[in-house]
Protein chains: 2
Amino acid sequence: MELYNDKGFEATTVAEIAARAEVTERTFYRHFVDKREVLFQPNALVDVLAHATAAADSLAPLEVITHALTEAAPVFEERAELVRQRQAVIAANPELQERELAKQASLVSTLDHALRGRGLDSATAALAAEIGIAAFKVAFDRWINDADQHTLARHIRETLDATRHLTAPAEHSATTDDASFQGQENAP
Amino acid sequence: MELYNDKGFEATTVAEIAARAEVTERTFYRHFVDKREVLFQPNALVDVLAHATAAADSLAPLEVITHALTEAAPVFEERAELVRQRQAVIAANPELQERELAKQASLVSTLDHALRGRGLDSATAALAAEIGIAAFKVAFDRWINDADQHTLARHIRETLDATRHLTAPAEHSATTDDASFQGQENAP
DNA sequence: AGAGTGATGACAGTGACTGACATGGGTGCT
DNA sequence: AGCACCCATGTCAGTCACTGTCATCACTCT
């Protein structure tokens, strides 16, 4: 992190990292699968999500997700400063952003799996998992850039509420009537 | 694509690709920023989404997204076979999956931007964009693995409807069966 | 002590990617 | 035609991420 902060991620060579840690480059690669992985180390998040999802009593999918994400919040809140620093490094480098997206995708997969374990059909589980993590991304982003220092848990709650408002109120019951589907043909 | 299909992505060297195209390796890198980018070339999708979002008349956010995604569907449907082939290559390689996630993230950003251009506040726009693309991912995945060969547009519509069912009715579980995909209306 | 195990070092090699410069083939202008 | 210009491509050398292989060394168990 010192090196990444100092010179930037790209300008930091693995040789330098290894030297700083007083090991050889080869040893570095025995601990981390690649140069990026250093920043994505202990993925406690996966465990927390899986556990919290399984533990939740019989609730509606979105409630389960609310619960799981809220359980996960402290993982970040307890290390707020480190998390912000880390996020700054990631924000400055496309390769790291790709890796982060991959990690988030694995969270989706974790949630999906956990939801199915609760008896949800695979279609609903996949969708709920995607939406849950999508909401989490937004909440996390707001938390990071929040001048008011509100809790991550609070942002999560607000974002999930916003999700309900966003999708629920269809004033005109016309989800199927408008121009949205014109130009489509070739029904099977 | 021939080479990627034949030997796999990882085992295919840029030198080989260049040779097959009868150019030098250096020239390859003048056309593609890296080895992966070959598979993510003409991102017509971004344009379609941006255009369709801007063009939609004043509708609720989720309706706008429905419209935009439905407009985008033909981009895939017209090249169904190629798309499936490409997806198989991507599915076989983690590096390519990362890149695909990055592309999807840029779609989120496109949608977000377009929604804000319509006067939506940034919080709602970000959330709606994330959810929209999340739904698209699910729909796309279902389309790719759909034995029944239903339209992508149809999957999109079903998935977005499922999103409403998933988030809207909390306890008093909806009119019909569970919150699953069942009971959607018919094909276009 | 001796054998087994696991972490590390040493080293060589491959392949992705980049910067710098040279070259040839159009295109437009006179 | 002749010339200047530009753009795409080739050439070459170099950096660096990452890997396979083997040697070494500490540590443990019997």
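All of these numbers come straight from a predicted model, not from anything done at the bench. Order of the sequence lines fixes the chain letters, A, B, ..., with proteins taken first and strands second; residue numbering starts at 1 for each chain.
Going from atom CG of Asp34(B) over to atom P of dA17(D) covers 16 Å, rounded to whole Å. In this structure, Glu25(B) places its CD atom 12 Å from C1' of dT11(D), rounding to the nearest Å. Atom CD in Glu37(A) sits roughly 14 Å away from atom C1' in dC18(D) (whole-Å rounding). At whole-Å resolution of the value, CD in Glu10(B) and C1' in dA16(C) are 12 Å apart. As a whole-Å value, the separation of Ile17(A) CD1 from dC18(D) P is 10 Å. When rounded to the nearest whole Å, the span between CD of Glu16(A) and P of dT15(D) equals 14 Å. Phe9(A) places its CZ atom 8 Å from the P atom of dA17(D), with the value rounded to the nearest Å. Between the CZ atom of Arg36(A) and the P atom of dC18(D) there is a distance of 7 Å, given to the nearest Å.
Across dA16(C), dT9(D), dG20(D), the shortest atom-to-atom separation from the side chain of Arg26(A) is found for dG20(D). For Lys35(B), whose side chain is taken as the heavy atoms from C-beta onward, the closest listed nucleotide among dT9(D), dC17(C), dA10(C) is dC17(C). Side-chain atoms of Tyr29(A) lie closest to dC18(D) of the nucleotides dC18(D), dA16(C), dA10(C).
Phosphate contact (OP1/OP2 of dG9(C), side-chain N/O of Thr24(A), threshold under 4.0 Å): present. When the side-chain nitrogen and oxygen atoms of Thr13(A) are compared with OP1 and OP2 of dC16(D), none of them lie within a distance under 4.0 Å. Within the 4.0 Å cut-off from OP1 or OP2 of dT8(C), at least one side-chain nitrogen or oxygen of His31(A) is found.
Applying the 3.5 Å distance criterion, the base of dG6(C) shares no donor-acceptor pair with the side chain of Arg30(A).
Under a cutoff of 6.0 Å and an axis angle of 45°, Arg86(B) and Tyr4(B) do not form a cation-pi pair. Seen from the ring of Phe76(A), Arg84(A) does not count as a face-on cation partner, given the 6.0 Å and 45° thresholds.
Between Arg99(B) and Asp34(B), at least one side-chain N (NZ, or NE/NH1/NH2) sits under 4.0 Å from a carboxylate O, which counts as a salt bridge. One finds no salt bridge joining Glu95(B) and Lys35(B) here, because no Lys/Arg side-chain nitrogen approaches an Asp/Glu carboxylate oxygen to under 4.0 Å.
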Exercise for the section: Check the pair Thr27(A), Thr24(A) against side-chain contact (heavy atoms from CB on, under 4.5 Å), reporting the backbone distance first and the verdict last. Expected result: CA-CA 5 Å; Thr27(A) 298; Thr24(A) 61; 3.1 Å; yes
